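Comments concern the structure below.
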Amino acid sequence: MAKQTKARARGKSVQNKTEKTSAQEKKVPALKKMTPKTATAKAVSETKKHKERTARTRNEEKSEKSAKANTLQKNNLRTEKNVTRIFTADFWGENLQKIAHHPKMTALLLGVLLTAALPPFYYTVALFIAFAGAMFLAYRNEKFCTLAAIGYWFGFGYFGAGFYWIGNALLIDVVQTGWLYPIALFLNGAFFGLFVILPFMATKLGRNVVTKSMLLAAVWCLVSEWLRGFLLTGFPWNPVSSMLTFSPAMMHILSLFGTYGVSLILVFLASVPAIWLVKPNKMRFYTAGSFVLCVWLGIWIYGGHVLENRPKIPDGQSLVVRLVQPSIPQTLKWNRETLEENLRTYIDLSKENDNGYVDFTVWGETAYPYDIEYDYNHNRMLTSAVPPYGYLITGFLRREHDGYKHTAYNSFAVVNKKGEPVGWYDKSHLVPFGEFLPFRKYLPDWVKPLASVVAEFGRGEKYKILQVGDYPAFAPLICYEVIFSDEVVKKGLAKPTWAVVLTNDGWYGISAGPYQHLAAAQMRAAEEGISIVRSANSGISAVINPYGEIKALLPLGTRGATDALVKPDEAYQTLFGQYGNKIPLAMSGVLILLALVCRLFARRSE
């Protein structure tokens, strides 16, 4: 039975194998039966399909590339269209209209922006944005009252922000005077903003942007700078022309036209681009831009040419000056407990290294805190700072007694090796509200106690020239006397070949003030063609050549001493040095006359 079952199973297995074999044999003959013609046709079909797939893929890639190219072309066209649109009225019209509807606020912001072009920042683009924007406002708002408001707020922003550092003097004693800081900021803008009203009101007489710009520049020169330079003794700080002191080549134009004349040129140059703002298009943009660029490059090329071809003076014909800058904090300068220590600091710095070859050691304003005429004990200390074969120049407070009347002078002394003053100068141009109080005797009684904190110094002789030994004569100046254009040298007298400025910028700390004060000294050197030696108690001490270049420097906040060469023979006669402020006044008159003539002809043509 078992054997029959095994035999039956064996039989089924053999049968299954036979069926599989027959199935395989059926398939093989099917392949074997395919003719060569059929196989070739099938291969051709497969190749055709592959080519179609490849062609389809290539077409898709070409389509994709074409789409990308079209997209890029559209983007380029759109970009070009947008760039072109920037020059058109459509793009600017709406935004400029919004600006024109808020002239006072816009003028205030533009005035603040203008200070970014001042030392030590020198963002020159701010000069063009500010004046072009202000001219646009003046063009769109032609009522006298609106123009006066635009000018006032423009001036408020410019002078309020530009004179911010003045308030730092009130922070020396924070408890007593610190609260006056915001009031000082406001009053600076409120008062000096008045000097900008007339320049903008004058634009009413112009027929177009160019003639309006001529009137703005001319009256700005006359009122905002020249008049500001002498009204109430004057404060011509931060003229527009000081924005060129970043470059001796650019600054050299001062030797031709002076501070106020160069300001006139810059105001006109910066206002002209408004011809594009009032009607934006490519032609106006390129015309204004080309004009500005040509004048700017002309100033730079002229200055560079003069500097490159100036005469070379040998070092052997030079004076050696030693600048001493102790950087004593203002809180300690007049502290009775530190007066002698301060004096020793000056003396130690003066004797650093060898001073046997030094012709002049120069200290700062009121550096010697004692009476140089009668305090013999401290004068003996002073003699150790005098060079063996030279002189010490120092500032001090001189007192004059006339019966019961005592007058103090902010003075400048040249001291010999014996400790004797062999020449001195009393400051003649006093600082209002600092060294004297205008209209003091007319003040009401309730104000007089507050006014008593302001000193009342005497005035010295103006345009004094000092000469000691065999050295070339020089002009003495104290502090802010150097900011007055055409007041360093009196026309018609023998011209000194160098000047010495004693100052103390410690009142204003680390701020823009000391840099702007230094820029003023550079401008006087370039205007008059003389070297200037500037020594500061605290601030920036420097030696400046007749081309406005700084040849030696003690940076702001630095304590130390440095020796430098001064070349009196490098001095030369400049056009401005010969004619002074007659040049910018004549330039202003010509521009005003030209603008009025253009207005007259325009009326006749109508």
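Source: prediction; values computed, not measured.
For Lys491, the salt bridge (Lys or Arg N to Asp or Glu O under 4.0 Å) test picks out Asp486, Glu528, with sequence neighbours left out. Listed by chain and residue number, nothing satisfies the ring-ring contact (aromatic ring centres under 6.0 Å, His included) test with Tyr139 (two or more places apart in sequence, or in another chain). Under the side-chain hydrogen bond (donor to acceptor under 3.5 Å, both in side chains) criterion, Ser485 pairs with Glu527, sequence neighbours left out. For Gln522, there are no side-chain hydrogen bond (donor to acceptor under 3.5 Å, both in side chains) partners, not counting sequence neighbours. Every residue was checked against the ring-ring contact (aromatic ring centres under 6.0 Å, His included) condition with Tyr463, not counting sequence neighbours, and none meets it. Remark: Asn238 pairs with Gln516 by the side-chain hydrogen bond (donor to acceptor under 3.5 Å, both in side chains) rule, at least two apart or across chains. Considering only residues two or more places apart in sequence or on other chains, Trp296 meets the ring-ring contact (aromatic ring centres under 6.0 Å, His included) condition with Phe128. In this structure Arg398 satisfies the salt bridge (Lys or Arg N to Asp or Glu O under 4.0 Å) test together with Glu400, Asp426, sequence neighbours excluded. The ring-ring contact (aromatic ring centres under 6.0 Å, His included) check on Tyr181 picks up nothing, with sequence neighbours excluded. Not a single salt bridge (Lys or Arg N to Asp or Glu O under 4.0 Å) links Arg399 to another residue, sequence neighbours left out. Scanning for salt bridge (Lys or Arg N to Asp or Glu O under 4.0 Å) contacts around Glu341 gives an empty result, with sequence neighbours left out.
In this structure, the side chain of Glu481 engages the main chain of Ser428 through a donor-acceptor pair within 3.5 Å. A donor-acceptor pair under 3.5 Å is formed between the side chain of Ser541 and the backbone N or O of Ala536. For Asn168 (side chain) and Leu171 (main-chain N/O), no donor-acceptor pair under 3.5 Å exists by modelled atom type. Judged purely by atom type and a 3.5 angstrom limit, Trp179 uses its side chain to pair as donor or acceptor with the backbone of Gln176. Checked by atom type and distance alone, the side chain of Lys204 pairs as donor or acceptor with a backbone atom of Glu142 at under 3.5 Å. Remark: side-chain polar atoms of Ser224 are paired, donor with acceptor, to backbone N or O of Phe195 under 3.5 angstrom.
The distance between the ring centers of Phe200 and Tyr152 does not fall below 6.0 angstrom. Less than 6.0 angstrom separates the ring centroid of Phe131 from the ring centroid of Trp220. Aromatic rings from Phe163 and Phe192 are positioned such that their centres are separated by under 6.0 Å. Between Phe235 and Phe159, the ring centre distance reaches or exceeds 6.0 Å. Ring centroids of Tyr368 and Phe396 are separated by 6.0 Å or more, keeping the two rings apart.
Side-chain atoms of Ser255 and Thr574 include no donor-acceptor pair closer than 3.5 Å. Side-chain polar atoms of Lys333 and Thr366 form a donor-acceptor pair below 3.5 angstrom. There is no side-chain donor-acceptor pair under 3.5 Å between Asn342 and Thr345. Neither side chain, Thr503 nor Tyr480, offers a donor N or O lying under 3.5 Å from an acceptor on the other.
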Ring pair (Phe, Tyr, Trp, His ring centres under 6.0 Å) between Phe186 and Phe156, intermediate numbers included: CA-CA 8 Å; Phe186 176 80; Phe156 189 102; 5.7 Å; yes
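Contact check for Ser411 versus Leu397: no side-chain heavy atoms found under the 4.5 Å cut-off.
In this structure, Lys104 places its NZ atom where only 12 or fewer heavy-atom neighbours from other residues, nucleotides or ligands lie under 6.0 Å away. Atom OH of Tyr123 sits in a sparse spot, with 12 or fewer heavy atoms from other residues, nucleotides or ligands closer than 6.0 Å.
Applying the ring pair (Phe, Tyr, Trp, His ring centres under 6.0 Å) test to every pair with at least one member in residues 502-526, sequence neighbours left out, gives these pairs: Trp165-Tyr508, Trp237-His517.
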